[in-house]
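These notes concern the structure reproduced below.
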Amino acid sequence: MTAAALRHDWTRDEVVALFALPFNELLHRAHSVHREHHDPNAVQVSTLLSIKTGGCPEDCGYCPQAARYHTGVKAEKLMSVESVVARAQAAKNAGASRFCMGAAWRSPKDRDVAQVAEIVSAVKALGLETCATLGMLNGEQAKTLKRAGLDYYNHNLDTAPEFYGEIIHTRQYQDRLDTLEHVRQVGLKTCCGGIVGMGETREQRAGLLQTLANLPEHPQSVPINQLVQVPGTPLHGTEALDPFEFVRTIAVARILMPASMVRLSAGRQQMDDAVQALCFFAGANSIFYGEKLLTTGNPDVEHDRALFRRLDLHALEVTEDTDTVHADILETEASGCGHSCGCSAAA
């Protein structure tokens, strides 16, 4: 991979033009890029656990954990270190290489971050990669998590800048960008993507991906979530996104961010196996593994294993040499390409 393969200057017109390509042409281009940068038959597997559920003061229109919505999600306290470690060990035994921990905070207090740091250290000791999503962070909080052994911080942009105000009113787009900058400054890898199917236009989907690709560094993980409609949330009843449009979104993400792991995240439970297979061909090479994503369903482990067998896919593993499944990206950083390649309610 060469430095020229990575761009941070995509225009909106260029991204919209990619979306508009004939479907087969788009998939061919995306798969070609995918093969240049990744093993086309390997998928990174993560497990996500809600370590502090519900009671969030934000008003994200998609989120069942917002305290103001009546979704049946009850506010719970932060889980104990022992409880989280037991779940992490079970995830590792089931084949996960990364353990992601989500807490429903708008912005954690320093004492909250200290408690999560203890949890991170214990999970890291199991030999798993660690990821957390805790809301907005300041620089010192990011440093605390880095020192504890956190590998990734998830903080999604959710949607295009111009559509953001239609979905969320309790924070600004710049707040998201500021937290990502704090995370990058301390050397944490970023997990950052968004949600599609929230009533946005195709151009706005293009705007989300353009913003992600034009960040100072491409996120190492790019979760692409399909809206999971939860009764009681404002977005319940939104017209469902066409499955092929979702596949197009995966393909464009792969072309724009060649070295990143593009993750099939929330919404997989609503996808049939054929759509998932198209997504893997289009460049998706990461999934969440397990029965639940924070508070919404996910295909069960045995179904995923069967799908992997049918598609001749295998799970990436953390290696002793690198302690990461991103060895290819780390090697590229060392060569001087300039590319240093969040898990909220939909991570």
Kindly compute the distance separating [atom1] ([X]) from [atom2] ([Y]), expressed to the nearest 0.5 Å.
{"X": "Arg268", "Y": "Leu307", "atom1": "CZ", "atom2": "CG", "answer": "8.0 Å"}
{"X": "His182", "Y": "Gln141", "atom1": "NE2", "atom2": "CD", "answer": "9.0 Å"}
{"X": "Asp13", "Y": "Leu18", "atom1": "CG", "atom2": "CG", "answer": "11.0 Å"}
{"X": "Met136", "Y": "Gln172", "atom1": "CE", "atom2": "CD", "answer": "10.0 Å"}
{"X": "Leu316", "Y": "Glu129", "atom1": "CG", "atom2": "CD", "answer": "9.5 Å"}
{"X": "Leu6", "Y": "His218", "atom1": "CG", "atom2": "NE2", "answer": "6.0 Å"}

Is a donor on one side and an acceptor on the other found under 3.5 Å between the side chain of [X] and the backbone of [Y]?
{"X": "Asn225", "Y": "Leu227", "answer": "no"}
{"X": "Gln65", "Y": "Ala104", "answer": "no"}
{"X": "Asp112", "Y": "Lys109", "answer": "yes"}
{"X": "Arg254", "Y": "Met257", "answer": "yes"}
{"X": "Ser265", "Y": "Pro223", "answer": "no"}
{"X": "Tyr173", "Y": "Thr159", "answer": "yes"}
{"X": "Ser107", "Y": "Gly135", "answer": "no"}
{"X": "Ser97", "Y": "Val45", "answer": "yes"}
{"X": "Glu76", "Y": "Lys52", "answer": "no"}
{"X": "Ser221", "Y": "Met261", "answer": "no"}

[X], [atom1]: over 12 other non-hydrogen atoms inside 6.0 angstrom:
{"X": "Glu162", "atom1": "CD", "result": "yes"}
{"X": "Phe244", "atom1": "CZ", "result": "no"}
{"X": "Arg35", "atom1": "CZ", "result": "no"}

Could you give me the CA-CA distance, side-chain angles and deciding distance for Val43 and Phe308, then say whether side-chain contact (heavy atoms from CB on, under 4.5 Å) is met?
-> CA-CA 9 Å; Val43 178; Phe308 273 35; 3.7 Å; yes

Could you go step by step and tell me if Gln174 and Asp178 meet the side-chain hydrogen bond (donor to acceptor under 3.5 Å, both in side chains) rule?
-> CA-CA 6 Å; Gln174 189 60 46; Asp178 290 345; 2.8 Å; yes

Short N-O contact, [X] and [Y], less than 4.0 angstrom:
{"X": "Arg171", "Y": "Asp158", "result": "yes"}
{"X": "Asp151", "Y": "Arg98", "result": "no"}
{"X": "Glu14", "Y": "Arg7", "result": "yes"}

Leu235 vs Ile167, side-chain contact (heavy atoms from CB on, under 4.5 Å): CA-CA, chis, key distance, verdict | CA-CA 8 Å; Leu235 290 180; Ile167 306 299; 4.1 Å; yes

Consider only side-chain heavy atoms of I, L, V, M, F, W and Y, link residues closer than 4.5 Å, and tell whether Val16 and Leu241 are in one cluster.
-> no

Tell me the closest heavy-atom pair linking [X] and [Y], and the distance in Å.
{"X": "Gly283", "Y": "Val262", "value": "O-CB, 3.9 Å"}
{"X": "Thr170", "Y": "Arg106", "value": "O-NH2, 2.7 Å"}
{"X": "Ser260", "Y": "Val222", "value": "CB-CG2, 3.9 Å"}
{"X": "Val186", "Y": "Gly139", "value": "CG1-O, 4.1 Å"}
{"X": "Met198", "Y": "Thr238", "value": "C-CG2, 3.8 Å"}
{"X": "Leu128", "Y": "Lys92", "value": "CD2-CB, 3.9 Å"}

Would you indicate whether the side-chain heavy atoms of [Y] and [X] approach each other to under 4.5 Å?
{"X": "Asp312", "Y": "Asn41", "value": "no"}
{"X": "Glu166", "Y": "Tyr164", "value": "no"}
{"X": "Arg202", "Y": "Arg248", "value": "yes"}
{"X": "Val116", "Y": "Leu145", "value": "yes"}
{"X": "Met79", "Y": "Thr53", "value": "no"}
{"X": "Pro108", "Y": "Leu137", "value": "yes"}
{"X": "Leu134", "Y": "Trp105", "value": "yes"}
{"X": "Phe246", "Y": "Met271", "value": "yes"}

Judged by modelled atom types alone, do [X] and [Y] share a side-chain donor-acceptor pair under 3.5 Å?
{"X": "His38", "Y": "Asn285", "result": "yes"}
{"X": "Glu181", "Y": "Thr179", "result": "no"}
{"X": "Asn93", "Y": "Gln89", "result": "yes"}

Under the side-chain contact (heavy atoms from CB on, under 4.5 Å) criterion, do Ile250 and Phe280 qualify, and how do the steps go?
-> CA-CA 9 Å; Ile250 294 291; Phe280 290 129; over 6 Å; no

Verify side-chain contact (heavy atoms from CB on, under 4.5 Å) between Arg184 and Thr190, making sure each step is shown before the conclusion.
-> CA-CA 7 Å; Arg184 286 192 299 266; Thr190 57; 3.9 Å; yes

Candidates His28, His31, His34 - the one meeting ring pair (Phe, Tyr, Trp, His ring centres under 6.0 Å) with Phe281 | His31

Where at least one partner belongs to residues 16-34, residue pairs that pass salt bridge (Lys or Arg N to Asp or Glu O under 4.0 Å), sequence neighbours excluded = none

Sequence neighbours excluded, the answer for ring-ring contact (aromatic ring centres under 6.0 Å, His included) partners of Tyr69 is none

For residues 203-213, run the donor-acceptor check on the side chains, cut-off 3.5 Å, and write out each pair with its distance to 0.1 Å, sequence neighbours left out.
residue : atom : partner : partner atom : Å
Gln204  : OE1  : Thr201  : N            : 2.8
Gln204  : OE1  : Thr201  : OG1          : 3.4
Arg205  : NE   : Glu245  : OE2          : 3.3
Arg205  : NH1  : Glu200  : O            : 3.2
Arg205  : NH1  : Glu200  : OE2          : 2.9
Arg205  : NH2  : Glu245  : OE2          : 3.1
Gln210  : OE1  : Arg12   : NE           : 2.8
Gln210  : NE2  : Trp10   : O            : 3.1
Thr211  : OG1  : Gly207  : O            : 2.8

